[in-house]
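Input: a single structure, listed below in structure tokens.
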Number of protein chains: 2
Amino acid sequence: MADSEDMFGPAIRKLERLNHLDDGDRQAVHTLDHRIETVAANHLLAAEGDIAAECFLLVDGYACRYKETSLGGRQILSFHLAGDLLNLQRLFLDRTDHSIQAISPATVARIPTAALRRIMADHPRVAEALWRDTLIEASIAREWILNVGRRTATARIAHLLCEFAARREAAGLGPPQRFELPMTQEQIGDATGLTAVHVNRKLHDLEEAGVIARLRREWTIADWHRLRRIGDFDPAYLHAAA
Amino acid sequence: MADSEDMFGPAIRKLERLNHLDDGDRQAVHTLDHRIETVAANHLLAAEGDIAAECFLLVDGYACRYKETSLGGRQILSFHLAGDLLNLQRLFLDRTDHSIQAISPATVARIPTAALRRIMADHPRVAEALWRDTLIEASIAREWILNVGRRTATARIAHLLCEFAARREAAGLGPPQRFELPMTQEQIGDATGLTAVHVNRKLHDLEEAGVIARLRREWTIADWHRLRRIGDFDPAYLHAAA
DNA sequence: CGTAGGTTTGACTGATCTCAAGTTTGGTGG
DNA sequence: CCACCAAACTTGAGATCAGTCAAACCTACG
């Protein structure tokens with residue numbers, strides 16, 4: 001049990017932020033049927049069109065979801081950190097409609113959707129937490145439509161950084177001012193609808209303006225207030241629990 | 001009851017596409033607490049930040065959801081037609097995170113979220129239909145991120161037209177080849193991350209290419225196959241029931 | 001039949017992309 | 001521990017797609 005305690009810890013903490021759970025609820029989550037898998041960076045966890053009836057719990061590391069156009073353009077739809085549940089739409093839909101990829105070395109638990117549906121039926125508080133999680137994810141997706149559709153390149157990038165910092169902090173993974181960013185500039189471009197080249201240039205602008213600082217993969221938000229203003233970032237859409 | 005039969009007809013048909021319902025389920029939907037409202041085009045039904053705990057059922061007409069940047073840029077997040085449930089995220093979240101507006105004269109039923117939560121608790125099949133509806137909406141939002149982020153102007157517009165035609169047909173509102181488009185070119189621009197001027201030019205391109213034809217507000221899709229290819233449209237993301 | 005909202009057109013601007021080198025970084029095997 | 005390699009990052013020059021601004025022109029409706 002100590003083992004699955006470790007594995008499900010981040011997820012339980014996330015569910016507790018979404019709804020109050022009692023001991024029975026927590027116990028039920030701990031004993032969820034699952035299969036642990038450790039994968040390298042860039043490993044594809046699920047592909048568009050898959051019919052495997054399972055959800056993923058990201059135990060450790062980072063992942064993203066994406067879709068591609070028929071011309072090969074790739075659009076990242078969301079980034080995920082430890083504790084996030086992925087592929088929840090498979091709970092009630094037949095097919096995975098996007099791909100899921102680890103963007104760092106990662107540990108995931110594959111959970112059969114049947115097990116999740118059972119826990120939802122038996123534990124209404126868990127079901128409500130999953131509802132909230134799904135609705136918050138939809139809210140984030142809407143904010144991304146706005147970001148990609150109506151903001152300038154610099155604003156899109158700044159917004160993405162703000163969101164990452166905020167969610168990372170909410171998940172208890174560390175302070176928002178300083179962190180190691182798991183994604184490459186190419187991935188930032190794929191998430192913001194820009195090219196890697198343009199992301200690079202705008203990142204330099206932000207750096208020269210003294211808003212952010214970078215040393216290798218270590219990022220510092222030098223002026224949070226200004227970054228937030230540049231990115232037009234209002235955390236309301238995260239509903240305080242993402 | 002004949003009255004509410006009429007009012008809830010489109011919604012019941014939509015729920016039936018999402019999950020099998022029995023007579024009790026349908027009866028419960030028909031007797032849902034609600035308040036009918038008829039509004040003019042452009043009427044604001046809900047605003048970002050609202051705390052009123054109610055969802056909307058679009059009984060007749062068309063509506064859209066949108067967000068705005070602090071600089072005034074507006075991004076439409078989705079279009080809705082008769083039978084669609086709006087603001088479902090208020091079921092489990094405290095605040096409306098986007099605005100909702102009628103884009104044609106419309107009739108809506110305002111339903112207190114408490115009534116919807118009750119029906120979900122008592123009628124699991126209805127609850128599952130609402131789950132599916134929410135998940136499909138999230139899938140559509142992801143496709144929109146891809147559309148706005150990674151497609152050319154013409155493709156974005158073509159994709160939007162394909163989606164509208166497909167959803168309209170799925171809702172039983174008429175054939176996909178010919179329809180009256182409820183939105184203005186400005187609104188198409190707001191939905192695709194373009195300006196009205198550019199939408200106008202690309203629409204003319206599509207017309208000159210013989211892909212679409214317009215007469216006043218009446219649109220004809222002259223070459224569905226080509227429109228679909230131009231828009232990179234694969235209806236899988238609608239999960240056959242949107 | 002006047003008017004406001006919607007559409008169309010033209011000329012010009014500018015943000016972002018493309019292509020094509022480099023350069024740095026981090027990991028790996030010898 | 002070092003040499004090497006692939007991936008990631010940088011930089012520059014030129015091309016292009018879409019935006020801006022401004023003026024007409026429809027057309028639906030009161």
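Just so it is clear: chains get the letters A, B, ... in the order the sequence lines come, proteins before strands, and each one is counted from 1.
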Thinking salt bridges, do [X] and [Y] make one under a 4.0 Å N-O criterion?
X: A/R95; Y: A/D50; result: no
X: B/E163; Y: B/R167; result: yes
X: A/R217; Y: A/E180; result: no
X: B/E54; Y: B/R90; result: no

Members of residues 182-196 of chain A that approach DNA chain C, where some heavy atom sits under 4.0 Å away: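 Within this stretch, A/G193, A/L194, A/T195 sit under 4.0 Å of the strand.
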- request: Could you check which residues of residues 145-153 of chain A get a heavy atom under 4.0 Å from DNA chain C? Sort them by number, please.
  value: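 Close to the strand are A/T152, A/A153.
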Considering only nitrogen or oxygen atoms on both sides, find all protein atoms under 3.5 Å from nucleotides 12-14 of chain D and state each distance.
residue, atom, partner, partner atom, Å
D/dG12, N7, A/R201, NH1, 3.1
D/dG12, O6, A/R201, NH2, 3.3
D/dA13, N6, A/R201, NH2, 3.0

message: Taking any atom closer than 4.0 angstrom to a non-hydrogen atom of chain B, what span of DNA chain C does the protein reach, first nucleotide to last?
response: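 Boundary nucleotides touching chain B, in 5' to 3' order, are C/dG6 to C/dA11.
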Starting at [atom1] of [X] and ending at [atom2] of [N], how long is that distance when rounded to a whole Å?
X: A/D205; N: D/dC9; atom1: CG; atom2: C1'; result: 15 Å
X: A/N200; N: D/dT10; atom1: CG; atom2: P; result: 4 Å
X: A/N42; N: D/dA8; atom1: CG; atom2: P; result: 7 Å
X: B/R214; N: D/dC26; atom1: CZ; atom2: P; result: 14 Å
X: A/R216; N: D/dT10; atom1: CZ; atom2: P; result: 12 Å

field: Verdict with supporting geometry, B/D133 and B/K14, salt bridge (charged side-chain N to carboxylate O under 4.0 Å, His left out)
entry: CA-CA 9 Å; B/D133 188 52; B/K14 175 163 186 179; 3.1 Å; yes
message: According to side chain to side chain donor-acceptor pair (under 3.5 Å), who are the partners of A/R65, at least two apart in sequence or on a separate chain?
response: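 Side chain to side chain donor-acceptor pair (under 3.5 Å) list for A/R65, sorted by chain: A/S78, A/H80, A/H98, A/E137.
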task: Under the side chain to side chain donor-acceptor pair (under 3.5 Å) rule, collect the residues that match up with B/D234, sequence neighbours excluded.
output: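 Checked B/D234 against side chain to side chain donor-acceptor pair (under 3.5 Å); zero matches.
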- request: Indicate the atoms forming the closest heavy-atom contact of B/G61 with B/S104, along with that distance.
  value: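 Heavy atoms only, the tightest pair is CA-OG, 3.5 Å.
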B/Q101, B/Q187, B/Q75 screened by side chain to side chain contact (heavy atoms under 4.5 Å, CB included) with B/Y66, the one that passes: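 Only one option passes, and that is B/Q101.
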Single hit among A/R156, A/R201, A/K202 for side chain to side chain contact (heavy atoms under 4.5 Å, CB included) with A/L194: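 That would be A/R156; it is the only one of A/R156, A/R201, A/K202 passing the side chain to side chain contact (heavy atoms under 4.5 Å, CB included) with A/L194.
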task: Kindly say whether B/R178 contributes a backbone atom to a donor-acceptor pair with the side chain of B/T220 at under 3.5 angstrom?
output: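 A pair under 3.5 Å: no.
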query: Ignoring hydrogens and geometry, is there a side-chain-to-backbone donor-acceptor pair from B/R74 to B/E68 under 3.5 Å?
result: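 No; judged by distance alone, with no hydrogens or angles, the pair does not exist.
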message: Which is more 5' along DNA chain C, the nucleotide nearest A/H198 or the one nearest A/R217? Just name the residue.
response: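 Nearer the 5' end of the strand: A/H198.
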field: Geometric cation-pi criterion B/R228 and B/F233, 6.0 Å radius, 45° cone
entry: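 Relative to the ring axis of B/F233, which defines the angle, B/R228 lies outside at least one limit.
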- prompt: Within the pair A/H204 and D/dT11, is there a side-chain N or O less than 4.0 Å away from OP1 or OP2?
  reply: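 The answer is yes; a side-chain N or O of A/H204 sits under 4.0 Å from OP1 or OP2.
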